[in-house]
Amino acid sequence: MRLREGQSWAAGMTLMGATQLAYAEVDGRYNLQTPATGIAQQMYDMHTLMLWICLIIFVLVFGVMFYSVFAHRKSRGAVAAQFHESTTVEILWTIIPVFILLGMAWPATKTILELKDTSNPDITIKATGYQWKWGYDYLKGQGEGVHFVSALSTPREQIEGKAPKGPNYLLEVDKPLVVPVGKKIRILTTANDVIHAWWVPAFGVKQDAIPGFIHDTWFRADKEGVYRGNCAELCGRDHGFMPIEVHVVSAEAYAAWVDEQKKLMAAAADDPNKVWTMEELKARGEQVYSANCAACHQANGKGLPPAFPALDGSKIANGPVGDHLNIVLNGKTGTSMASFKQLSDTEIAAVITYERNAWGNATGTVVQPADVRTVRSNKTAALPAQPVKSGHAG
Amino acid sequence: MSSISHDHAHGHGHDDHGHHPTGLMRWITTTNHKDIGTMYLIFAFTMFIVGGLLAWGIRAELMYPGMQLWDPERFNSFTTMHGLIMVFGAIMPAFVGFANWQIPLMIGASDMAFARMNNWSFWLLPVAAILLVTSFFLPGGAPAAGWTLYAPLSVQQGMSMDFTIFAIHIMGASSIMGSINIIVTILNMRAPGMTLMKMPLFVWTWLITAYLLIAVMPVLAGAVTMILTDRHFGTSFFNAAGGGDPVLYQHVFCFFGHPEVYIMILPAFGIISQIIPTFARKPLFGYASMVYATASIAILSFIVWAHHMFVVGMPAAGLLFFMYATMLIAVPTGVKVFNWVATMWRGSMTFETPMLFAVGFIFVFTMGGFTGLICAIMPIDIQIQDTYYVVAHFHYVLVAGSLFALFAGTYYWLPKWTGHMYSETLGKLHFWASIIFFNITFFPMHFLGLAGMPRRIPDYATQFADFNFIASIGAFGFGLSQLIFLIAVVKCAKGGPKATAQVWEGADGLEWTVPSPAPYHTFEEPPHVK
Amino acid sequence: MSQSHAPYYFVPEPSRYPIFGSVALLLMGMGAACWMNGVNAGPYMVAGGFAILIYMLFGWFGQVVGESEGGKYNQRVDVSFRWSMGWFIFSEVMFFAAFFGALFYVRVLSVPDLAGLESRTLLWNGFTPAWPSAGPGFSEAFTPMGAWGIPAINTLLLLTSGATLTWAHWGLVNGNRGQLKLGLLLTILLGAVFLCLQVYEYVHAYHELNLKLTTGIYGSTFFMLTGFHGFHVTLGATMLIVILCRVMRGHFTADHHFAFEAVAWYWHFVDVVWLGLFVVVYWL
Ligand code: HEA
Ligand code: HEA
Ligand code: CUA
Ligand SMILES: [Cu+2]
């Protein structure tokens with residue numbers, strides 16, 4: 001009902017008549033999306049309330065002004081009065097707005113206190129922002145231990161206009177976050193490189209993910225369904241392409257999903273002591289590469305110079321393995337080349353082997369997971385390399 | 001050292017008109033506040049066109065979903081440079097141009113207090129502009145971290161970021177010198193009898209704005225300096241591994257950023273407060289409360305900065321404090337709006353172009369103010385922070401606010417500057433085209449934001465397609481409408497009906513006592529104000 | 001200044017110095033940016049720009065000095081100068097405030113936050129948030145700078161220099177040029193000794209304490225604040241030298257010496273900033 005009011009008001013004020021609604025009526029076209037949590041509902045109502053208050057003040061003030069514009073014009077013979085002061089009036093229109101503001105602040109204060117209360121969650125999940133995808137770790141509660149990475153799944157052809165755009169264009173991911181309905185979910189946000197923000201409008205949740213710090217927020221979804229959001233903080237090139245997709249499911253479905261994830265993870269877990277062949281590593285490395293590196297260095301290894309260097313023929317990818325390992329493990333501060341130490345030893349070994357033997361690179365080096373482990377445990381290399389840009393600064 | 005003084009030793013004070021350089025050198029060396037004001041205005045309009053063309057670049061990409069024209073990184077650099085150029089290149093210098101032309105005329109001073117430094121303040125701006133614009137041609141392209149240059153994204157950028165940082169330093173130096181000049185001129189060079197509470201409101205608003213500038217430009221310089229050292233000298237101000245914090249940058253930047261937006265609106269309030277009484281033929285209602293309201297806005301502006309950071313994860317106490325403080329600003333701003341309406345009430349109004357823009361300003365700015373208030377309600381802001389709702393909010397206050405006030409002021413004082421009346425037909429056409437296209441461009445952005453379209457993205461989900469299309473059409477129309485302004489101003493500068501000294505029937509103030517066009521030197525002997 | 005044909009307010013004729021200043025800053029800004037990114041022309045551009053800047057400063061101030069000594073500045077112009085110097089110093093205060101604010105913020109908020117919520121368990125294993133800190137990613141050992149060695153001596157030096165400068169001012173006001181010159185000279189010397197000690201302190205920090213600009217946030221704030229202050233001391237001392245030269249040439253009278261006072265204000269401001277630094281950077 002409320003939604004309808006908001007919509008008709010808004011529709012009246014635009015030129016909607018001119019454009020045909022060519023797309024199926026999507027939820028939340030003129031107004032906030034349909035809330036799926038109590039907090040989001042409060043936000044929605046608060047916005048409606050504010051809109052009405054502002055609209056009423058607006059109509060009153062501009063009613064007076066336009067009446068004056070109409071009636072007190074010289075062409076209608078108006079003669080100017082000369083009054084220019086009235087302390088009473090001035091005090092009135094200072095005090096009354098203060099009270100209106102108090103009326104607005106009251107519900108807002110209550111909501112703020114509620115939304116900052118992240119205590120007693122049922123499930124705690126860490127969301128880590130990477131350039132440009134989200135990593136999820138289920139830390140506590142049912143599902144503990146599950147972790148995966150979630151990236152945009154819209155095909156490039158759709159973005160480039162070579163294929164018709166799907167219904168969830170840019171709002172779909174390869175592996176959605178799954179949570180049970182009616183449970184208090186606490187989200188911890190952090191980031192690996194720059195600031196991102198985890199935002200799902202229907203939940204009324206937006207929290208910046210700040211590299212090196214953890215912040216938290218929470219939601220309790222009332223209804224099962226699929227909810228979509230975006231990264232909401234400019235984070236570089238593909239900021240517009242790192243959506244969030246959350247599936248809210250029944251308790252049973254959630255339990256089943258957790259089981260399935262556990263099995264999948266067990267199956268995919270690599271024996272860290274396995275010795276791999278070059279071919280195996282290259283095949284595995286290609287997957288890791290396209291999931292993690294291709295966004296910048298491109299699938300063909302040519303990069304996008306000068307912002308993102310080519311790996312095909314690059315000095316490091318053809319030079320000593322140590323340097324190569326170092327830049328992938330620790331990144332390079334001051335550039336968008338972040339640390340990839342969240343990848344497993346096997347994945348890093350695979351991607352490095354791949355990079356050193358793909359495209360025009362033919363070093364023939366084979367890096368084994370055990371090699372990565374040795375470098376990793378060598379603590380001194382862990383400090384993010386400090387001196388930054390090239391050149392002779394300092 | 002003292003030997004140098006002989007170069008220019010003219011026996012007598014100012015009476016040296018004959019020696020003035022001509023041609024380009026006149027403009028490069030001038031110490032005349034009117035020349036400098038004109039240069040500021042031309043510079044600002046040029047930058048407005050550059051910034052506007054970048055806005056076209058943004059709107060062209062966003063016209064349809066999907067990637068068509070620019071690489072995402074290039075798109076981000078358009079957004080960044082559009083914001084930087086409009087704020088630092090167009091709006092701020094334009095207001096300084098007005099200050100240069102009008103303040104001495106309005107307070108009866110012969111020139112600005114430091115005429116040579118005034119020249120330098122201006123000539124630093126093209127330098128900063130060169131640094132900014134060159135960055136498009138550097139390897140890696142122009143900076144793409146948003147005009148707010150949030151770390152650590154700005155630490156990642158290529159060498160163009162360093163150009164931008166130095167440009168900001170230079171712009172800051174220019175602004176600080178300019179504001180010192182304005183403050184000293186106002187405090188020390190008023191004509192006898194012109195007490196503070198008799199000053200025209202435009203002068204008052206600039207006095208207060210100049211204080212804001214002096215207080216916050218150095219803070220911005222500090223913020224970008226820390227980015228510079230984080231980029232090149234291995235400091236850790238914004239790097240958690242070294243104990244710093246990216247949010248620290250946001251605090252320092254926003255401590256500058258919020259007063260900055262009032263820097264761009266207070267002089268606009270001043271212009272509007274000159275125009276409304278003139279065309280209502282009735283004194284300004286509540287002069288004293290207007291002054292106090294302006295001062296309150298300025299003071300409050302220092303304690304609201306974190307409303308740009310409602311989602312960084314502040315504790316509840318911080319959120320509440322900044323929310324309440326921000327909401328309070330509605331009170332003095334409301335006082336201003338009410339006073340303007342009360343001035344119009346029972347006046348004898350006519351609607352020449354300046355008045356049209358002034359009335360349009362009040363109407364549309366207030367809408368922007370209300371959306372600002374909605375942003376200030378922290379729980380609502382969670383939903384609209386970093387969406388097109390915010391983009392709509394600030395274009396309502398910046399384009400329909402600052403920019404419209406600049407147009408109003410230009411039409412208002414143009415006859416005084418050029419000695420000719422502009423074409424009222426063109427002026428009215430400009431107004432109606434602007435206000436209609438403005439709303440077509442930016443009104444739909446409220447819906448986009450509410451429905452969940454993030455800002456600073458080159459491509460969007462399909463349900464946002466139709467409003468984006470409308471906005472883009474509006475943007476092209478709005479840009480083209482500005483050609484009318486260009487034509488109107490150029491025509492007026494070239495000729496037209498002679499303007500009288502008084503120009504407007506209801507105008508009041510010292511600037512209307514000198515002939516039109518205002519002679520090169522005015523008030524060499526101060527007038528006496530009763 | 002009371003002749004009736006003298007201008008009410010002195011307005012200088014057109015000047016070419018500002019444009020030199022602009023070109024200088026263009027070269028310096030562009031040059032510095034290039035330099036930092038390893039473009040070879042960078043240092044030359046900076047040097048060229050700096051040379052032009054020096055030329056411009058000499059020319060411009062020379063002209064101002066000439067005008068001042070030529071009696072073109074009346075009482076009203078003098079008041080303008082006073083206001084402007086005051087507000088210029090205020091803008092410098094705000095510049096320092098940005099860095100002091102950063103120090104306050106990291107000490108009170110961000111360093112403790114690094115161990116707040118789950119940050120310590122999930123991100124920075126075992127990090128103890130205590131000042132001085134170089135952050136959780138910094139694994140080398142370093143010694144923070146103590147307050148009671150050189151810094152305390154430096155505090156005394158600067159405080160004394162404030163006194164000698166005031167003493168010089170008394171000399172000027174009372175027409176005792178000898179006292180004026182001696183006072184100025186002493187002030188400059190004290191400033192110079194201060195700077196030498198600071199350089200020594202930096203060398204000591206780099207070589208013995210392993211305290212560098214790159215030593216996390218402690219090193220960053222330490223060197224940023226003290227370095228920026230040291231830069232201001234250098235500027236102030238340079239201005240004092242200029243004033244001394246002018247005094248040698250017989251400039252300034254007991255009731256007409258704004259330039260002297262402006263520099264004195266500046267020097268006292270630098271002094272006060274140091275006190276703040278001493279307390280929050282070294283001592284607490
Ligand atoms: C000229 C510039 C200008 C002006 C004047 C304002 C004015 C205001 N702004 Fe705005 N703002 C910007 C420029 C400006 N802003 C910019 C550029 C940004 C984005 C920066 C970025 O991220 O890039 C921004 C962003 C911004 C945000 C952050 C949004 C976000 O990123 O999430 C907020 C939140 O509080 C805000 C609030 C306000 C408020 C409360 C006012 C108030 O001053 C408005 C007061 C006016 C009124 C309220 C109307 C008149 C009053 C009455 C008629 C009286 C009666 C009314 C009542 C009692 C309700 N602004
Ligand atoms: C200060 C003032 C200001 C002004 C005046 C404008 C003006 C405009 N802005 Fe503004 N905008 C900002 C300040 C401003 N903007 C800021 C601060 C941001 C945030 C940046 C960030 O996120 O970092 C922003 C961001 C921003 C965005 C969001 C981008 C994003 O998030 O990715 C958009 C999108 O539509 C936009 C559009 C426009 C449009 C269409 C105009 C139009 O009004 C422009 C119209 C003008 C012209 C088109 C030029 C007209 C002249 C001619 C055409 C004449 C040509 C003549 C000759 C060549 C002789 N702006
Ligand atoms: Cu991640 Cu924007
Ligand atoms: Cu603000």
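Quick note on labels: first sequence line is chain A, next is B, and so on, each numbered from 1.
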Please report the interatomic distance CG(A:D208) to CD(B:Q250), rounded to the nearest 0.5 Å.
6.5 Å
Select one option (side chain, backbone, both, neither) describing which atoms of A:L101 are under 4.5 Å from chain B's heavy atoms.
both
Check A:K74 against B:S348 and note the closest heavy-atom contact, atom names and distance.
CG-OG, 3.3 Å
At what distance, to the nearest 0.5 angstrom, does NZ of A:K206 lie from CG of B:D381?
7.0 Å
Between B:Q383 (side chain only) and A:P201 (backbone N and O only), is there a donor and an acceptor less than 3.5 Å apart?
yes
Heavy-atom side-chain contact between B:R346 and A:V79 under 4.5 Å
no
Counting only non-hydrogen atoms closer than 4.5 Å, does A:I159 touch chain B with its backbone (N, CA, C, O), its side chain (CB onward), both, or neither?
both
Sub-4.5 Å side-chain heavy-atom contact between A:I112 and B:L320:
yes
Between B:I362, B:I382, B:I457, B:L284, the one whose heavy-atom pairs under 4.5 Å with chain A are most numerous
B:I382
For A:L113, is it the side chain, the backbone, both or neither that has a heavy atom under 4.5 Å from a heavy atom of chain B?
side chain
Side chain, backbone, both or neither: which part of A:V69 has a heavy atom under 4.5 Å from chain B?
both
Between OG1 of A:T94 and OH of B:Y292, what distance do you get to the nearest 0.5 Å?
13.0 Å
What are the two closest heavy atoms between A:Q82 and B:P283, and how far apart are they?
OE1-CD, 3.0 Å
Between B:Y460 and A:Y169, does the ring centre distance come in under 6.0 Å?
no
Taking all non-hydrogen atoms of both residues into account, name the closest pair between A:P211 and B:P152 and its distance.
CG-CG, 3.9 Å
Quick check for you: among B:M453, B:R456, B:R74, which has the greatest number of heavy-atom pairs under 4.5 Å with chain A?
B:R456
For residues B:V312 and A:H215, determine if any side-chain heavy atom of one lies less than 4.5 Å from a side-chain heavy atom of the other.
no
Toward chain A, the part of B:F363 with a non-hydrogen atom under 4.5 Å:
both
Interatomic distance, A:H47 atom NE2 to B:I384 atom CD1 [nearest 0.5 angstrom]:
6.5 Å
State yes or no: are the ring centers of A:F70 and B:W345 separated by less than 6.0 Å?
no
Residue part contacting chain B, namely of A:C235, when any heavy atom lies under 4.5 Å
backbone
Contact between A:V61 and B:F338 at the side-chain level, heavy atoms closer than 4.5 Å - yes or no?
yes
Contact part of A:F308 toward chain B, heavy-atom cut-off under 4.5 Å: side chain, backbone, both or neither?
neither
With a 4.5 Å heavy-atom cut-off, do A:H84 and B:K282 have their side chains touching?
no
Between CG of B:L450 and CG of A:L32, what distance do you get to the nearest 0.5 Å?
5.0 Å
So which residue, B:A144, B:G286, B:A330, B:P277, ends up with the most heavy-atom pairs under 4.5 Å with chain A?
B:G286
Under 4.5 Å to a heavy atom of chain B? For A:S86 that would be both
A:Y67 and B:M344, any side-chain heavy atoms less than 4.5 Å apart
no
Please classify the contact of A:P167 with chain B as side chain, backbone, both or neither, using a heavy-atom distance under 4.5 Å.
backbone
Side chains of A:F66 and B:V341: does their closest heavy-atom pair fall under 4.5 Å?
no
Which pair of non-hydrogen atoms, one from A:A108 and one from B:I377, has the smallest distance, and what is that distance?
CB-CG2, 3.7 Å
Search all heavy atoms of A:Q131 against all heavy atoms of B:L153 and return the closest pair with its distance.
NE2-CD1, 4.2 Å
Is a donor on one side and an acceptor on the other found under 3.5 Å between the side chain of B:N76 and the backbone of A:G236?
yes
Looking at B:G313, B:G334, B:P379, B:P72, which makes the most heavy-atom pairs under 4.5 Å with chain A?
B:P379
Within a strict 4.5 Å, meaning less than it, do heavy atoms of the A:T111 and B:M378 side chains meet?
no
Mind ranking B:G141, B:G146, B:P246, B:G140 by heavy-atom pairs under 4.5 Å with chain A and telling me who comes out on top?
B:P246
So OG1 of B:T148 and CG of A:L234: to nearest 0.5 Å the spacing works out to 7.5 Å
Ion pair B:D71/A:R237, N-O distance below 4.0 Å
yes
Check for a donor-acceptor pair, side chain of A:Q207 on one end and backbone N or O of B:V311 on the other, with a separation under 3.5 Å.
yes
